[in-house]
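Not measured: the values here are computed from a predicted model. Side chains are part of it too, since the values below use all heavy atoms of this structure and drop only hydrogens, waters and symmetry mates.
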Amino acid sequence: MSNLAEIRNFIDGVHVAGCGRTFEDRNPVDNQPVALVHEAGEGEVDRAVAAARRALKGPWGRMPQAERIALLRRVAEGINKRFDEFLRAEILDTGKPVLIAAHIDIPRGAANFNAFADILAGVATETFRMDTPDGAGALNYAIRVPRGVIAVICPWNLPLLLMTWKVAPALACGNTVVVKPSEETPATATLLGEAMNEAGVPPGVYNVVHGFGPGSAGEMLTRHPGIDGITFTGETRTGSAIMKAAADGVRPVSFELGGKNAGLVFADCDFNAAIDGTMRSVFANCGQVCLGTERIYVERPIFARFVETLAEKARKLALGDPFDKKTSMGPLISHEHRAKVLGYYRKAREDGAEIITGGGVPEMKAPYGDGAWIEPTIWTGLAEDSAAVREEIFGPCCHVRPFDGEDEALALANDSPYGLATAIWTTDLARAHRVAAGIEVGICWVNSWFLRDLRTPFGGMKQSGIGREGGVHSLEFYTELRNVCIKL
Ligand code: NAD
Ligand code: 6OD
């Protein structure tokens with residue numbers, strides 16, 4: 001009999017078992033199981049969607065907005081009250097250093113609820129008074145209504161942050177949700193169910209089903225006819241599969257997908273700031289950030305110095321115990337993902353890359369020998385069409401290439417099927433505006449990276465997504481507008 005912790009589905013306010021199958025939730029630092037997860041089948045997905053529908057038509061749907069928003073602020077308080085529990089659960093699932101989880105993941109989990117409570121409290125809609133002969137004086141006004149039962153499909157890289165980034169606006173707008181967390185990181189979504197109950201959120205408003213994608217809870221949920229809209233963060237290929245499922249019933253989607261983001265470093269930059277920012281944008285969270293920059297273009301006069309300094313810093317990244325505040329880089333999420341990343345390391349070698357640092361698997365002492373560790377890696381010398389430069393790797397690595405002038409920098413950065421984010425490093429303000437105007441991405445940072453204001457639109461162009469979430473832009477997906485025309 002196993003004494004592993006068990007993680008159950010969360011349906012209608014209670015933890016429930018699944019279809020009879022379980023799977024292991026493993027800690028990537030040592031590949032040891034931390035919990036046994038109950039996989040949801042059709043029955044649990046049906047029950048979760050039905051509970052969400054009942055809550056939508058019942059207590060949640062009828063609740064005044066001010067009361068709903070007050071409850072969401074209590075959820076934020078609840079996360080902060082149980083901060084250490086959320087922190088530990090997230091670290092055990094992902095192996096990410098406490099330095100990141102305690103400063104980004106868990107605080108943002110709470111902040112997302114407060115941010116959308118603030119935003120919804122101040123939302124107005126449009127009014128038009130007509131002056132045409134047939135409608136003189138008629139008044140048109142729009143009211144926002146919730147979209148309905150929303151499926152929230154999440155990835156594993158920033159589990160609580162990315163899940164609440166969608167759950168908070170969905171609930172603030174009056175929807176109910178069924179969440180399918182990544183199979184790699186089931187813990188914090190489940191804990192959030194307890195925080196919902198403690199805050200007094202009615203049963204059925206927030207539901208969680210566990211499992212995988214195809215043939216499992218993910219696909220069952222996205223195909224379910226009781227789902228009114230699907231919001232998804234994950235790989236572009238998965239987005240494409242979900243879009244096909246959404247076509248039945250013509251359900252709308254909101255997608256935050258993959259990226260192959262460029263960092264553009266101009267010779268006039270603040271060199272140290274550009275190095276520090278690039279270190280974060282390449283290696284934070286072991287490179288598993290959709291906004292991360294795996295292609296770095298550096299203006300020729302500072303290219304050699306930039307590569308040398310970046311490599312020096314990369315060699316000093318401290319891999320090890322994620323609960324130690326001195327640790328700066330954790331492992332990848334799993335051995336499966338490491339095999340994929342190592343595949344790109346191999347392809348880069350075969351394509352003739354100069355390996356400036358890294359390129360393999362580090363020697364880790366016990367108890368970390370079986371973890372999914374990988375070396376931070378920097379290449380130069382690859383052609384732009386080689387796989388490591390073209391495709392999203394989602395690991396702690398980058399290719400650095402020199403450029404001559406603004407036009408070439410823009411052409412290189414824009415030559416990608418993706419269009420999520422970029423970071424520009426320059427002290428020339430006019431250049432910053434010119435490049436920001438020409439770059440084909442949804443999010444453009446100048447002299448920073450991952451500096452977030454939750455009121456701003458977030459999302460990608462091209463194959464990096466559909467739609468924008470953040471601030472009032474989230475209302476586009478989480479509400480429907482109904483126009484009322486009154487002839488006076
Ligand atoms: P993934 O697409 O493999 O999985 C994401 C979720 O989708 C998981 O819960 C998975 O179980 C589920 N899923 C998989 N196939 C499905 C299907 N056919 N139907 C329904 N659900 C299905 O992504 P991942 O590996 O968990 O995350 C990494 C990817 O996410 C990277 O590509 C990264 O760029 C992207 N990402 C994008 C953003 C953004 O904001 N643009 C943010 C974070 C991560
Ligand atoms: O900060 C956010 O709101 C957000 N969606 C971040 C995405 C990070 C991707 O890995």
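Among pairs with a residue in residues 70-79, those fulfilling side chain to side chain donor-acceptor pair (under 3.5 Å) read R73-D118, at least two apart in sequence or across chains. Contacts classified as salt bridge (Lys or Arg N to Asp or Glu O under 4.0 Å) and involving residues 188-198 (residues at least two apart or in different chains) are given here: R82-E194, R82-E198. Residue pairs meeting the ring pair (Phe, Tyr, Trp, His ring centres under 6.0 Å) criterion with at least one partner in residues 184-230, sequence neighbours excluded, are F23-F212.
Counting heavy atoms of neighbouring residues, nucleotides and ligands inside a 6.0 Å radius, atom CE of M63 exceeds 12 of them. No more than 12 heavy-atom neighbours from other residues, nucleotides or ligands sit within 6.0 angstrom of CD on E42. Within 6.0 Å of CZ in R88 there are 12 or fewer heavy atoms belonging to other residues, nucleotides or ligands. Counting non-hydrogen atoms of neighbouring residues, nucleotides and ligands closer than 6.0 angstrom, the NZ atom of K244 reaches no more than 12 such neighbours.
For the atom pair R68 CZ and R62 CZ, the distance stands at 13.5 Å (nearest 0.5 Å). From L158, atom CG reaches atom CE of M163 across 12.0 Å, with rounding to the nearest 0.5 Å. To the nearest 0.5 angstrom, T190 atom OG1 is 5.5 Å from I7 atom CD1. Rounded to the nearest 0.5 angstrom, T233 OG1 and I153 CD1 are separated by 10.0 Å. In this structure, the separation between CD on E90 and CG on L191 is 9.5 Å, given to the nearest 0.5 Å. Here the CG-CD distance, from L317 to E375, works out to 11.5 Å after rounding to the nearest 0.5 Å.
At distances below 3.5 Å, not a single donor-acceptor pair connects side-chain atoms of N27 with backbone N or O atoms of Q32. Between the T327 side chain and the P97 main chain, no donor and acceptor come within less than 3.5 Å of each other. The backbone N or O of L291 lies less than 3.5 Å from a partner atom in the side chain of W449, making a donor-acceptor pair. No donor-acceptor pair closer than 3.5 Å links the side chain of D93 to the backbone N or O of D25. Not one N or O on the side chain of D30 forms a donor-acceptor pair closer than 3.5 Å with the backbone of P367. For E294 (side chain) and I393 (main-chain N/O), a donor-acceptor pair under 3.5 Å exists by modelled atom type. In terms of modelled atom types and a separation under 3.5 Å, the side chain of T185 and the main chain of P181 share no donor-acceptor contact. Using modelled atom types, no side-chain atom of S216 and backbone atom of G213 make a donor-acceptor pair closer than 3.5 Å. Counting only distance, with no hydrogens or angles, the side chain of K180 and the backbone of G211 share a donor-acceptor pair below 3.5 Å. Panel note: side chain E392, backbone K260; no donor-acceptor pair is recorded below 3.5 Å.
Remark: W60 engages no residue in a ring pair (Phe, Tyr, Trp, His ring centres under 6.0 Å) (not counting sequence neighbours). Residues meeting the salt bridge (Lys or Arg N to Asp or Glu O under 4.0 Å) test with R482, sequence neighbours left out: none. Residues forming a ring pair (Phe, Tyr, Trp, His ring centres under 6.0 Å) with Y345 (at least two apart in sequence, or on another chain): W379. Not a single side-chain hydrogen bond (donor to acceptor under 3.5 Å, both in side chains) links R468 to another residue, sequence neighbours left out. Residues satisfying the salt bridge (Lys or Arg N to Asp or Glu O under 4.0 Å) test with E39, not counting sequence neighbours, are R21. Qualifying ring pair (Phe, Tyr, Trp, His ring centres under 6.0 Å) partners for F232, counting only residues two or more places apart in sequence or in other chains: F255. Taking the side-chain hydrogen bond (donor to acceptor under 3.5 Å, both in side chains) definition, one finds that R129 meets it with nothing, sequence neighbours left out. Under the ring pair (Phe, Tyr, Trp, His ring centres under 6.0 Å) criterion, Y368 pairs with W373, not counting sequence neighbours.
Here the closest heavy-atom approach between residue V361 and residue L342 is recorded as CG2-CD1, 3.7 Å. Scanning both residues, C444 and I424, for their nearest heavy atoms gives SG-CD1, 3.6 Å. Shown here for R295 and A413, the closest heavy-atom pair between the two residues is NH2-O, 2.8 Å. Taking all atoms of both residues into account, the shortest heavy-atom contact from F283 to P376 is CE2-CB, 3.5 Å. The minimum heavy-atom distance linking P28 with G95 is given by the pair CG-N, 3.8 Å. Closest non-hydrogen pair, G258 versus S464, comes out as O-OG, 2.6 Å.
Here the side chains of K462 and P417 are not in contact, with every heavy-atom distance at 4.5 Å or above. Under the 4.5 Å side-chain criterion, counting only non-hydrogen atoms from C-beta, V179 is not in contact with F10. Looking only at side-chain heavy atoms (C-beta outward), F394 and L332 stay at 4.5 Å or farther from each other. Under the 4.5 Å side-chain criterion, counting only non-hydrogen atoms from C-beta, M364 is in contact with L319. R47 has its side chain out of reach of N9: every pair of non-hydrogen atoms, C-beta onward, lies at least 4.5 Å apart. Contact annotation: the side chain of Q288 approaches that of I333 to within less than 4.5 Å [non-hydrogen atoms, C-beta and beyond].
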Point to revise | side chain to side chain contact (heavy atoms under 4.5 Å, CB included) evaluation trace for V16 with R8 | key: CA-CA 5 Å; V16 297; R8 295 181 167 74; 5.7 Å; no

Exercise for review: Using the side chain to side chain contact (heavy atoms under 4.5 Å, CB included) rule, take Q463 and Y418 through it: C-alpha gap first, then chi angles, then the decisive distance, then the call.
Suggested key: CA-CA 5 Å; Q463 290 183 27; Y418 294 108; 4.3 Å; yes

Review point. Does the pair M196 and N207 meet the rule for a side chain to side chain contact (heavy atoms under 4.5 Å, CB included), with working shown?
Key: CA-CA 10 Å; M196 292 276 173; N207 305 277; over 6 Å; no

Practice item. Tell me, with the steps shown, if K96 and C286 meet side chain to side chain contact (heavy atoms under 4.5 Å, CB included). Key: CA-CA 8 Å; K96 65 176 71 193; C286 198; over 6 Å; no

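No option in L160, L87, T94 other than L160 meets the side-chain contact (heavy atoms from CB on, under 4.5 Å) test with T188. Checked options I443, T422, L420, V441; the residue passing with N261 is L420 (criterion: side-chain contact (heavy atoms from CB on, under 4.5 Å)).
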Under 3.5 Å, which donor-acceptor pairs link side chains of residues 165-178 to any protein atom two or more places apart or in another chain?
unit_1 : atom_1 : unit_2 : atom_2 : d
W165   : NE1    : E256   : OE2    : 3.2
K166   : NZ     : T231   : OG1    : 2.5
K166   : NZ     : E469   : OE2    : 2.8
N175   : OD1    : R147   : N      : 2.7
N175   : OD1    : G148   : N      : 2.8
N175   : ND2    : A170   : O      : 2.9
N175   : ND2    : Y478   : O      : 2.8
T176   : OG1    : A52    : O      : 2.9

